[in-house]
Amino acid sequence: MALRAAVLRHIRLPVQTLTAAGSRPQPQWSFLRLFSSHDDHLTKEEVIDRVLDVVKSFPKVDPSKVAPDVHFQKDLGLDSLDNVEIVMALEEEFKLEIPDKEADKIDSCNLAIEYIYNHPMAG
Amino acid sequence: MIGATTSAYLARRAAQQERVRILYRRALKDTLNWAVHRHLFYRDASDLREKFEANKHVEDLDTINKIIAAGEATYNKWRHPDPYIVPWAPGGSKFTRNPVPPSGIEIVYDYGKEDND
């Protein structure tokens, strides 16, 4: 114990003050894995980006028309079966299990983003 | 046709469309369960889509009902015995694994400091 105290007394580490009292800037901490599952809910921008990526990579969709408020059948000219396929692709992307009745109602990017953002288990 | 666009007809068509969508969704998930590798899945998924597209332009309500019933029978016949379900969903492996402890219970951390009478 005494050796440990002696060694510790000889080691000096620079003291780092936190930049701002209340804010945790997300981009600076992105290289640091926080293993607590407490605040790992997705941010809205992340949800929007990933949803738009999924919709853009759908083969029947024109990527330049995709916007966060686009309606699948009216604006993108898709079929109802294509709607089902897009919802399945979103389920696979975010590792969700959407009940059949709910999945039937997801008709546009808006609804999809809202649903995924409000889902507690969205990955 | 007399009853071409009456509200009852449209309501029945809408109900049928919803049944078709739910059936397509389940059949697609089932296809993914059977054909785990993506290249096989894409082939099977496009075959499934062809089958649905072939019956797209039927107008008669009773024929549509029969086709949907036949589709659901085929789906029930081909259901996978061990489908992939997301772990936290009912039927998955993590479902109710760690339930939330009832409120009002707390752990008192006084190891070594209890007074055992």
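Just so we're on the same page: letters track the sequence lines, and every chain starts at 1.
- If you measure heavy-atom distances from Leu28(B) to chain A, the contacts under 4.5 Å come from both the backbone and the side chain.
- Between Phe58(A) and Pro63(A), every side-chain heavy-atom pair lies at or beyond the 4.5 Å cut-off.
- The hydrophobic clustering, which links ILVMFWY residues whose side-chain heavy atoms are closer than 4.5 Å, places Ile85(B) and Ile98(A) apart.
- No side-chain heavy atom of Ile64(B) sits less than 4.5 Å from a side-chain heavy atom of Asp60(B).
- With a 4.5 angstrom heavy-atom cutoff, Pro99(A) touches chain B only via backbone atoms.
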Which donor-acceptor pairs lie under 3.5 Å between chain B and chain A?
from	atom 1	to	atom 2	distance (Å)
Glu18(B)	OE2	Lys101(A)	NZ	3.3
Arg21(B)	NE	Asp104(A)	OD1	2.6
Arg21(B)	NH2	Asp104(A)	OD2	3.3
Tyr24(B)	OH	Glu85(A)	OE2	2.4
Arg25(B)	NE	Asp100(A)	OD1	2.9
Arg25(B)	NH2	Glu91(A)	OE2	2.8
Arg25(B)	NH2	Ile98(A)	O	2.6
Arg26(B)	NE	Asp100(A)	OD2	3.0
Arg26(B)	NH2	Asp100(A)	OD2	3.2
Lys29(B)	NZ	Glu91(A)	OE1	3.4
Arg38(B)	NH1	Glu92(A)	OE1	3.4
Arg38(B)	NH1	Glu92(A)	OE2	3.3
Arg38(B)	NH2	Glu92(A)	OE1	3.1
Arg49(B)	NH1	Asp82(A)	OD1	2.6
Arg49(B)	NH1	Glu85(A)	OE2	3.1
Arg49(B)	NH2	Asp79(A)	OD2	3.4
Arg49(B)	NH2	Asp82(A)	OD1	3.3
Lys56(B)	NZ	Asp79(A)	OD2	3.4

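- For Trp78(B), the ring pair (Phe, Tyr, Trp, His ring centres under 6.0 Å) criterion is met by no residue, not counting sequence neighbours.
- At least one side-chain heavy atom of Leu76(A) sits under 4.5 Å from a side-chain heavy atom of Val55(A).
- At a threshold of 4.5 Å between non-hydrogen side-chain atoms, the residues Phe94(A) and Val51(A) count as touching.
- In terms of modelled atom types and a separation under 3.5 Å, the side chain of Thr74(B) and the main chain of Ala70(B) share a donor-acceptor contact.
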